[in-house]
Number of protein chains: 2
Amino acid sequence: MQSYTEENYLKIIYHLSVISNPVQTNAIAEKIQTKAASVTDMLKKLSDKELVDYIKYQGVTLTEKGKLTAINIVRKHRLWEVFLVEKLNFKWDEVHEVAEELEHIKSTLLVERLDEFLEFPKVDPHGDPIPDQHGNFANLSFIKLSKLKTNEKGTITGVSEHSSPFLKHLEKLGLTLGKRVEISEIIDFDGSVELLIDDKKLNISREVAKHILISK
Amino acid sequence: MQSYTEENYLKIIYHLSVISNPVQTNAIAEKIQTKAASVTDMLKKLSDKELVDYIKYQGVTLTEKGKLTAINIVRKHRLWEVFLVEKLNFKWDEVHEVAEELEHIKSTLLVERLDEFLEFPKVDPHGDPIPDQHGNFANLSFIKLSKLKTNEKGTITGVSEHSSPFLKHLEKLGLTLGKRVEISEIIDFDGSVELLIDDKKLNISREVAKHILISK
DNA sequence: TAAAATTTTTAGATTTATCTAAATTTAAAA
DNA sequence: TTTTAAATTTAGATAAATCTAAAAATTTTA
């Protein structure tokens, strides 16, 4: 059994692995809001427990065991987010902090029953896929809205930025999951995107467009 | 803000206060599965934070601030128990350990929304009252089944023992909350109680009868 | 490729919650 | 009321997770 802190390290390493593998000490330190020295200490500990492969000065990779643990935490986090939004009427920008706590509750019975209660959701309120109890993800294919070309259409199915200000912004613009959009123009000057949604025109910055995920 | 551990101490002190006030160091140590020396250390800390009034060698009492904190934890514990039983189909003997973890989740929004989602329950699955957000309990009047006299009737509305073996035993006998019972005989020899439930006769030990709470 | 900059690790300290063993206080018994 | 027993506290140690400051390794740059 892992401690709350160990679980957090594993989760962060898991998320950072997607971007770069192996994961650097400083990257972890920044994400976890701690000092590099503390990270080094913890990596040694996780290595002793065979949850990560750690080479001094080189970085870490999750072992199979570590990866399964991490995915299980991600599973719990996302299921709780669905619960908060679907059942307790939380907004999609309000769920993260609470789910950060709920993801560490240990009972497997709880997780399986929650999954059932929520009718086995495949994605969380931000469109992120929810792994099953064996750690398998349904493979969803997303492309960034910023990669679409003029006149292309697609459905908003996810976001790659979870901060409250960003999500509130999208909400205000009506850019929520499931909405159908069409690119009407891409502005040369600043790369901003003009799109059609609910028959209305809308201009969003390139920065925003990069964090909206589309499926066709 | 209090730590997980501090919250547990406050909760235990709160429960023990009902039995004896002030609460003794050893009583806490036993409940919390730790050593008396550790309890002393924590009592000093809680005292510094003005959550308890602590007099060396005499014991502790919760301050108003400490009491409110404790009651809030009890509130969360019981609401989560209702959730587990009502929504996730947990049995009444399966909820305790999980609720022990869930009770420490911090968000007040979560608690109020959960309360609403559960339609403001007044009691938990064991019949224990759920305080409102101000810490007020509805005053329910219970008497022990063992205090009833021959031919008296009543409704099972609570239990004063929460262990899984005890609850499973009651379940098997059909002695669940809401059931109407009538005392048909009290056996002189061992104090055991014969009762009528669902038109069937049943004999339970005095020990069991003591932990069943009745309202008329 | 040698110097400079960056990243990472080590060493030693701190905080929180715990422990054991010994000392002290209080309560109970003779 | 003195002795004994029980409960409680103190003192000093330990484990987990963190920190700062300095040393070491790696990467970048000139």
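Every chain is numbered from 1 and lettered A, B, ... according to where its sequence line falls, protein lines coming before strand lines.
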- Would you mind reading off the distance between Gln33(A) atom CD and dC19(D) atom C1', rounded to a whole angstrom? 15 Å
- Message: Heavy atoms from C-beta onward define the side chain here; which of dT9(D), dT9(C), dT18(D) lies closest to that of Ala36(B)?
- Response: dT9(D)
- Rounded to the Å, how far apart are Met42(B) CE and dT8(D) P? 17 Å
- Which part of the nucleic acid does Thr5(A) contact within heavy-atom distance under 4.0 Å: base, sugar-phosphate only, or nothing? sugar-phosphate
- Salt-bridge present (Lys216(A), Glu152(A); N to O < 4.0 Å): yes
- Ranking Ala27(B) and Thr34(A) by the position along DNA chain D of their nearest nucleotide, the one closer to 5' is Ala27(B)
- Could you state the atom-to-atom distance from CG of Leu46(B) to C1' of dT18(C) in whole Å? 15 Å
- Query: Between dA15(D) atom P and Asp41(A) atom CG, what is the distance in whole Å?
  - Reply: 15 Å
- Note on the structure: Here the distance between atom P of dT9(C) and atom CD of Gln58(A), to the nearest Å, is 9 Å
- Query: Phosphate oxygens OP1/OP2 of dT8(D): is one of them under 4.0 Å from a side-chain N or O of Tyr54(B)?
  - Reply: no
- Query: Considering only side-chain heavy atoms of Gln24(A), which listed nucleotide, dA7(D), dT7(C), dT9(D), is closest?
  - Reply: dT7(C)
- Message: Using a heavy-atom cut-off of 4.0 Å across all strands, would you classify Thr40(A) as base, sugar-phosphate, or nothing?
- Response: base
- By ring-ring contact (aromatic ring centres under 6.0 Å, His included), Tyr54(A) pairs with (sequence neighbours left out) none
- Between Ile32(A) and Lys56(A), just flag the one whose closest nucleotide in DNA chain D comes earlier from the 5' side. Ile32(A)
- Task: Decide, yes or no, whether a salt bridge links Glu100(A) with Lys11(A) under the criterion of side-chain N to carboxylate O below 4.0 Å.
- Result: yes
- Glu30(B) CD to dA6(D) P, straight-line distance once rounded to whole Å: 15 Å
- Query: Tell me: CD1 of Ile55(A) to C1' of dA24(D), nearest whole Å?
  - Reply: 18 Å
- Check whether any side-chain nitrogen or oxygen of Thr25(B) sits under 4.0 Å from OP1 or OP2 of dA7(D), and answer yes or no. no
- Message: Please tell me if Tyr9(B) has a side-chain N or O lying less than 4.0 Å from either OP1 or OP2 of dT16(C).
- Response: no
- Task: Examine dT16(C): is either OP1 or OP2 under 4.0 Å from a nitrogen or oxygen in the side chain of Ser3(B)? Give yes or no.
- Result: no
- Do the numbers put Lys87(A) on top of the ring of Phe83(B), so that NZ or CZ is under 6.0 Å from the six-membered ring centre and no more than 45° off the axis? no
- Query: Given atom NZ of Lys35(A) and atom P of dT8(C), what is their separation to the nearest angstrom?
  - Reply: 15 Å
- Side chains of Pro165(A) and Lys168(A): does their closest heavy-atom pair fall under 4.5 Å? no
- Query: Does the side chain of Asn26(B) get closer than 4.0 angstrom to OP1 or OP2 of dT8(D) through an N or O atom?
  - Reply: yes
- Touch check for Tyr4(B), heavy atoms < 4.0 angstrom, all strands: base, sugar-phosphate only, or nothing? nothing
